[in-house]
Asker: 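Before I ask anything, here is the structure I am working with.
Keep in mind that this is a model prediction, so the values were computed, not measured. One-based numbering along the sequence shown.
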Amino acid sequence: MPAKYGGKRSKMDALIDEGTFNPNSEKVRDPKFRGSEFFDPHDAVQVKYEMLRRVSVDNVSVTDASDEYGVSRPTYYQAKANFDATGIAGLVPAKPGPRGPHKIDDEVLAFLQARLVPGEPVHARDLAKLVRNELDIALHPRTIERVLKKTIR
C-alpha cells in the first residue's frame, strides 16, 4: 500500500475520513489482498465488491465467500441488495448516528413556524425558551436554526 494518497494524506486517513475503513481487515483471507498494492483489505468498499464478484463471477458459494472476506452471510446479502439497488455507491457504509433532529416532529415544527415573522431574523434562543416552556421539550438554538433553514427555502 502506498504511504501517501493524493500527496496530502495517507490512504488510511482517507478511508477513515470517508467512512470506508474496514476495521476487520485481518479477517480478509483472500490471497489477492495480501501483499498487493491494488487490493487493500482496509478498503471496505473494495472488499465487499470483490466478495460479490467472487460469488457472481467465480461461482464461489455465499458461505465460502463471506467466510473468506470475514463477514457474516447477512452482511453479504445486505451488501448484495445495496449493490443491486444503487451500484458501487451502495457498498459505502452508511454513516452512523441520527439523520436529523429527532425531537422536532410535525407538531414542534408547526409551533416554530407559527412564531416566525416574515422578514425578521430567527431568534432561536427565544424560540428554544418558548418550546421548553410550552411544549416541555429542550432544544438547542442551533438545532432550531438548522431545521428552520431547511424549511424556509
Asker: Would you say Phe38 ends up clustered with Phe33 if hydrophobic residues are merged whenever their side chains have heavy atoms under 4.5 Å apart, either directly or through other cluster members?
Answerer: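 Yes; tracing contacts between hydrophobic side chains, which count when under 4.5 Å, links both residues.
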Asker: Hey, could you give me the NZ/CD1 distance between Lys149 and Ile144, rounded to the nearest 0.5 Å?
Answerer: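 It comes to 15.5 Å.
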Asker: For residues Glu18 and Val92, determine if any side-chain heavy atom of one lies less than 4.5 Å from a side-chain heavy atom of the other.
Answerer: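 No - every pair of side-chain heavy atoms lies 4.5 Å or more apart.
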Asker: Keeping Thr143 on the side-chain end and Leu139 on the backbone end, is there a donor-acceptor pair under 3.5 Å?
Answerer: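 No: the side chain of Thr143 does not pair with the backbone of Leu139.
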Asker: About how many Å separate OG of Ser36 and CG of Asp30, when rounded to the nearest 0.5 Å?
Answerer: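 Reported value, rounded in 0.5 Å steps: 10.0 Å.
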Asker: With a 4.5 Å heavy-atom cut-off, do Asn24 and Lys27 have their side chains touching?
Answerer: yes
Asker: Assess whether a salt bridge exists between Arg115 and Glu134, defined as any Lys/Arg side-chain N lying under 4.0 Å from an Asp/Glu carboxylate O.
Answerer: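 Salt bridge between Arg115 and Glu134, a charged N being under 4.0 Å from a carboxylate O: yes.
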Asker: Mind checking whether Phe21 and Asp43 have side chains closer than 4.5 Å, heavy atoms only?
Answerer: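 No, too far: nothing below the 4.5 Å cut-off.
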Asker: Got Thr151 and Leu112 here, is their nearest side-chain heavy-atom distance under 4.5 Å?
Answerer: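 Of all side-chain heavy-atom pairs linking Leu112 with Thr151, none is under 4.5 Å.
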Asker: Tell me whether Tyr69 shares a hydrophobic cluster with Tyr76, the cluster being built from Ile, Leu, Val, Met, Phe, Trp, Tyr side chains joined at under 4.5 Å.
Answerer: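 The answer is yes; both residues are in one hydrophobic cluster.
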Asker: Is any side-chain heavy atom of Leu130 closer than 4.5 Å to one of Phe111?
Answerer: yes
Asker: Ignoring hydrogens and angles, tell me if any N or O in the side chain of Asp64 forms a donor-acceptor pair with the backbone of Val60 under 3.5 Å.
Answerer: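 No: the side chain of Asp64 does not pair with the backbone of Val60.
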Asker: Could you check if a side-chain atom of Arg146 sits within less than 4.5 angstrom of a side-chain atom of Arg142, using non-hydrogen atoms only?
Answerer: yes
Asker: Linking I/L/V/M/F/W/Y whenever their side-chain heavy atoms sit closer than 4.5 Å, directly or via other members, would Leu135 and Val147 fall into one cluster?
Answerer: yes
Asker: Please round to the nearest 0.5 Å and tell me the distance separating atom NZ of Lys48 and atom CG of Leu91.
Answerer: 6.5 Å
Asker: Would you kindly say whether Ser25 and Asn22 are connected by a side-chain donor-acceptor distance under 3.5 Å?
Answerer: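 Distance-only check fails for Ser25 and Asn22.
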Asker: Is any NZ, NE, NH1 or NH2 atom of the basic residue among Asp84 and Lys80 found under 4.0 Å from an Asp or Glu carboxylate oxygen of the other?
Answerer: yes
Asker: When you measure from the side chain of Ser56 to the backbone N and O of Leu52, does any donor-acceptor pair fall under 3.5 Å?
Answerer: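 Confirmed, Ser56 side chain pairs with Leu52 backbone.
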Asker: Is there any salt bridge (charged side-chain N to carboxylate O under 4.0 Å, His left out) pair reaching into residues 49-61, and which pairs are they, with sequence neighbours excluded?
Answerer: Lys32-Glu50, Glu50-Arg53, Arg53-Asp58, Arg54-Asp58, Arg54-Glu68
Asker: For the CG atom on Asp136, are there more than 12 heavy atoms of other groups (residues, nucleotides or ligands in this structure) within a distance under 6.0 Å?
Answerer: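 Incorrect, the count does not exceed 12.
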Asker: Roughly how far, to the nearest 0.5 Å, is NE2 of His102 from CD1 of Ile104?
Answerer: 10.0 Å
Asker: Do the side chain of Thr86 and the main chain of Ala89 share a donor and acceptor less than 3.5 angstrom apart?
Answerer: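 No; zero donor-acceptor contacts below 3.5 Å.
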Asker: Is it the case that more than 12 heavy atoms not belonging to Tyr49 sit under 6.0 Å from its OH atom?
Answerer: no
Asker: Mind checking whether Gln46 and Pro41 have side chains closer than 4.5 Å, heavy atoms only?
Answerer: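 Not in contact.
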